[in-house]
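Atoms considered below: every heavy atom in the structure, side chains included; atoms not considered: hydrogens, waters and symmetry mates.
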Amino acid sequence: MVEIEIDGKKVEVQEGSMVMDAANKLGTYIPHFCYHKKLSIAANCRMCLVEVEKAPKPLPACATPVTPGMIVRSSSDKAVKAQKAVMEFLLINHPLDCPICDQGGECQLQDLAVGYGGTASRYEEEKRVVFHKDVGPLVSMEEMSRCIHCTRCVRFGQEIAGVMELGMLNRGEHSEITSFVGKTVDSELSGNMIDLCPVGALTSKPFRYSARTWELSRRKSVSAHDGLGSNLIVQVKNNKVMRVVPLENEEINECWISDKDRFSYEALNSTERLTKPMIKQGGQWQETDWQTALEYVAHGLRNVKHEHGADAIAAVAAPSATLEELTLLQRVIRGLGSDNVDFRLRQSDFRLDSAVKPWLGTSIVGFSQLKNVFVIGSFLRKDHPLLAARLRQSVKMGAKLSMLHAANDELLIKLSNNAVVAPSLWANFLAEVAVAVAAAKGVAKPAGLETVLASTKAEAIATSLLSGDSGVFLGNAATYHPDASKLHALAQWIAEVAGCKFGYLTEAANTVGGYLANAIPANNPKPVFTEAKKAYVVLHAEPLLDSAYPVQAKAALDQADMVVVMSPFKHGADYADVLLPISPFTETAGTFVNCEGRAQSFHGVVKPLGETRPAWKVLRVLGNLLGLENFDFETAESVRDSVLKKTDLTSELNNLAKIAPTVSVSEISGLERMADVGIYCTDAIVRRAESLQLTADARPPQAWISQSEAIKLGVVEGDMVKLSKVGSTLIPVGIDKSLPDTVVRVAAGHMLTANLDGMFGAIKLERA
């Protein structure tokens with residue numbers, strides 16, 4: 001440790017720290033623009049000049065290392081004079097457009113100009129003009145004349161997002177920040193550049209000119225999209241969500257959020273919002289009041305139970321429903337005597353006993369500190385943007401990442417080992433890794449794997465895992481896999497023998513909470529729509545887009561006597577009998593349990609729209625109308641407390657199954673499907689966010705095939721092909737040279753591909 005003195009106060013910091021770090025530790029503010037605690041040092045704004053005793057001239061606090069006995073003055077005449085001189089330079093070319101600037105009121109330059117700027121400029125020359133750039137639907141670069149070249153946006157892209165999408169052109173007064181020729185900014189973390197920009201050069205395109213910062217109320221919330229549970233600040237004006245920005249939490253999302261969390265709020269104000277209960281009578285939809293609608297639902301459910309038995313009733317929910325909603329939904333269904341309730345709509349293998357309640361298996365911080373990580377079946381960047389960002393930082397610090405997947409997407413992370421094999425062969429590859437681990441540890445191979453021989457790649461992954469501080473993690477694609485239980489058994493055996501952490505990169509905001517709420521069948525190990533039921537209650541889900549078997553789902557819903565859709569949006573009009581408008585996460589209190597088993601409760605940030613009601617209240621009233629017991633909850637908190645008895649939930653979660661590892665016997669001859677779910681197609685809210693749907697990541701699905709398969713079929717990129725898998729669809733073909741020859745990659749979660757049943761397995765492809 002090194003002791004220095006700043007403005008008469010002594011402080012001890014680590015050797016190699018900068019003066020700025022010491023000042024932060026003391027709580028002494030030194031003005032700055034280019035410095036940011038999460039980015040590398042650029043020292044190009046010079047605003048943080050301070051006086052250091054015995055130094056001939058002021059030095060930048062962000063780039064001056066501490067030395068023993070150093071004496072620093074941050075607000076002496078010499079320092080302040082230097083800071084004012086820098087400010088004068090920064091303002092030479094800065095336009096005087098604060099009244100119309102979106103950053104007005106939350107602008108670092110504005111704040112510091114009050115203390116360090118002059119009352120008038122000595123420069124009379126014309127200010128320079130920098131032309132605007134169009135970099136896509138999310139980030140606005142309309143007023144680049146405001147840019148002060150702090151390069152925070154450039155460094156963020158390079159260091160955190162992993163892709164340098166912006167850079168600096170020219171020198172001196174001709175310098176400007178720009179994207180690469182004709183390219184848009186497509187990173188799934190691009191919106192963080194808006195927060196980082198200390199002036200109004202980069203602003204939010206969807207929010208532009210819609211409100212002033214001092215008109216907005218700020219309210220805390222939790223992301224409803226991926227399994228991380230990012231902490232948010234939702235900004236509200238006139239009972240309408242206007243903007244979403246990150247709430248800093250080092251243990252979860254640091255100071256970042258993904259674009260999905262940031263821009264999906266547009267859907268909350270969409271024209272597709274359902275605002276009144278509706279009942280279908282004689283094929284016509286009619287608006288009604290809540291009392292009538294709920295009595296109609298209760299009567300219908302009682303009738304189905306009376307005529308067909310309780311087993312004819314089923315409920316499906318989205319894994320982004322809150323803990324309270326899932327708890328009351330399963331209580332209603334079980335109160336009626338049925339066991340058919342599930343939120344795992346994209347899962348197709350249920351052979352793992354229900355003792356498994358999957359979670360990350362470690363804390364998020366612990367995950368980012370692992371030295372050797374093996375991820376199985378995950379579109380890492382798109383499925384878990386912020387976990388991928390943490391891994392990116394770990395790998396830069398020397399950690400090793402190995403992947404097993406059927407696609408070789410650009411993760412923007414240096415991979416130590418990368419096995420790209422067809423999904424039907426994943427279990428076989430894991431068996432090879434298991435055999436290599438067994439050989440290295442000198443233990444017997446698992447029973448049934450005696451004849452398996454390890455490839456060099458499998459041996460390399462085994463060596464990496466055995467070098468300590470390791471983790472094996474199953475991604476979303478591994479969870480959806482038709483042999484998910486085999487993948488789990490092999491991965492668990494590898495992790496246990498190699499002494500690694502073992503867990504799941506969970507799919508949605510409340511996947512872990514769904515297990516805790518017991519919203520799964522106790523003894524029905526089948527995909528939810530396999531057997532058609534007479535009555536369905538659908539909560540937050542869109543079965544044709546959220547299910548692994550959309551054709552099966554559609555058939556089951558069409559045959560049902562009664563389908564109740566509880567959703568914030570108008571959908572399901574062709575198969576539903578009742579539409580109940582329920583609150584999205586911004587209009588209700590609730591709890592999400594994230595991947596690390598952390599329960600995070602939140603309150604509604606705006607009043608429910610129209611006659612929308614929180615789903616937990618609707619389910620409570622429905623329980624009362626059906627005469628069920630234990631439905632006397634007054635608040636969302638009382639529902640939560642009835643489920644979460646402990647503060648440490650990890651003791652209730654469990655990744656370990658009593659299941660022996662076996663090898664897969666591949667029966668797929670010909671082509672097989674691998675489905676990803678597009679980052680902006682994951683749930684009902686994201687699918688309706690207009691700006692997100694204009695991004696490159698939201699382009700309509702294509703059938704991606706390998707180069708050799710394209711030659712065999714005689715197709716070129718852009719040709720139309722017919723895909724058949726139970727149903728069929730016509731879509732353009734794309735060529736991905738990294739795909740295995742037998743794999744056809746077709747995205748799920750989109751209406752264009754909702755005719756294809758099953759996210760994996762044999763698929764037929766022919767020229768259209």
Side-chain angles (χ1 to χ4, degrees), residues 135-139 161 163 165 184-194 204-207 223-228 230 232 241 243-244 253 256-273 318-320 345-346 378-389 407 409-412 475-477 480 505 507-509 540-542 544-547 550 567-569 571 584-586 675-702 704 731 734 745-754 759:
V135 290
L138 304 179
V139 180
V163 55
E165 293 183 293
T184 51
V185 169
D186 297 325
S187 162
E188 61 283 359
L189 302 174
S190 66
N192 292 295
M193 294 178 184
I194 299 165
S204 164
K205 219 173 232 187
F207 173 70
S223 156
H225 305 298
D226 62 18
L228 196 79
S230 297
L232 312 175
V241 175
R243 183 164 62 166
V244 174
N253 54 308
W256 318 120
I257 52 172
S258 67
D259 289 356
K260 181 158 61 166
D261 297 335
R262 183 184 298 271
F263 296 109
S264 59
Y265 73 86
E266 283 186 293
L268 304 171
N269 310 317
S270 111
T271 51
E272 284 188 50
R273 280 297 298 271
S320 54
L345 304 188
R346 292 198 177 109
S378 175
F379 298 92
L380 200 52
R381 251 181 79 196
K382 306 301 178 186
D383 291 348
H384 310 284
L386 291 174
L387 279 181
D409 289 2
E410 179 49 79
L411 296 179
L412 308 172
N476 293 0
Y480 308 152
L505 308 177
E507 174 192 15
H540 282 298
E542 297 183 80
L544 307 195
L545 299 173
D546 292 337
S547 169
S567 172
F569 303 103
H571 69 82
F585 76 106
T586 49
D676 54 324
V677 179
I679 184 171
Y680 302 135
C681 295
T682 49
D683 59 67
I685 295 177
V686 174
R687 284 192 279 262
R688 289 170 176 79
E690 284 177 34
S691 299
L692 290 178
Q693 295 308 320
L694 297 173
T695 60
D697 275 326
R699 282 190 286 246
Q702 281 179 271
W704 294 95
I731 56 174
R745 177 177 175 176
V746 191
H750 198 285
M751 280 317 291
L752 277 179
T753 55
M759 295 174 72

The criterion is side-chain contact (heavy atoms from CB on, under 4.5 Å); which residues satisfy it with [X], sequence neighbours excluded?
X	value
Ser567	Val565, Phe569, His571
Ala477	Phe379, His405, Trp426, Phe760
Ser691	Leu138, Pro206, Glu266
Ala541	Ala318, Leu345, Val538, Asp546

Keeping to residues at least two apart or across chains, list the salt bridge (Lys or Arg N to Asp or Glu O under 4.0 Å) pairs with something in residues 256-265.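 Only Asp195-Arg262 qualify under salt bridge (Lys or Arg N to Asp or Glu O under 4.0 Å).
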
If you take all heavy atoms of [X] and [Y], which pair is closest and at what distance?
X	Y	answer
Val686	Cys681	CG1-N, 4.2 Å
Ser258	Leu189	CA-CD2, 3.9 Å
His750	Pro700	NE2-CA, 4.1 Å
Arg273	Pro584	NH2-CD, 3.4 Å

With heavy-atom distances below 4.5 Å as the criterion, would you say the side chains of Pro385 and Ile679 are in contact?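 Of all side-chain heavy-atom pairs linking Ile679 with Pro385, at least one is under 4.5 Å.
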
Are any non-hydrogen side-chain atoms of Tyr480 and Val677 less than 4.5 angstrom apart?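 Touching, per the 4.5 Å side-chain cut-off.
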
Donor-acceptor contact below 3.5 Å, side chain [X] vs main chain [Y]:
X	Y	result
Asn269	Val241	yes
Thr753	Ala747	yes
Glu410	Leu412	yes

Rounded at 0.5 Å granularity, tell me how far [atom1] in [X] sits from [atom2] in [Y].
X	Y	atom1	atom2	result
His384	Ser378	NE2	OG	4.5 Å
Ile257	Phe263	CD1	CZ	8.0 Å
Leu752	Ile731	CG	CD1	7.0 Å
Asn476	Asp226	CG	CG	9.5 Å
Asp676	Asp383	CG	CG	8.0 Å
Thr695	Tyr680	OG1	OH	5.0 Å

Under a 3.5 Å threshold, yes or no: a donor from one side chain and an acceptor from the other, between Asp186 and Thr184?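 Their side chains do contain a donor-acceptor pair, which is all the 3.5 Å distance test asks for.
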
Please name all residues satisfying salt bridge (Lys or Arg N to Asp or Glu O under 4.0 Å) with Glu188, sequence neighbours left out, ordered by chain then number.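 Glu188 satisfies salt bridge (Lys or Arg N to Asp or Glu O under 4.0 Å) with Arg381, Lys382 once adjacent residues are dropped.
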
With Glu507 via salt bridge (Lys or Arg N to Asp or Glu O under 4.0 Å) - residues at least two apart: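 By the salt bridge (Lys or Arg N to Asp or Glu O under 4.0 Å) rule, Glu507 matches Arg346.
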
Sequence neighbours excluded, which residues qualify as side-chain hydrogen bond (donor to acceptor under 3.5 Å, both in side chains) partners of [X]?
X	value
Asp409	Arg745
Ser320	none
Arg688	Glu272, Glu542
Ser264	His225

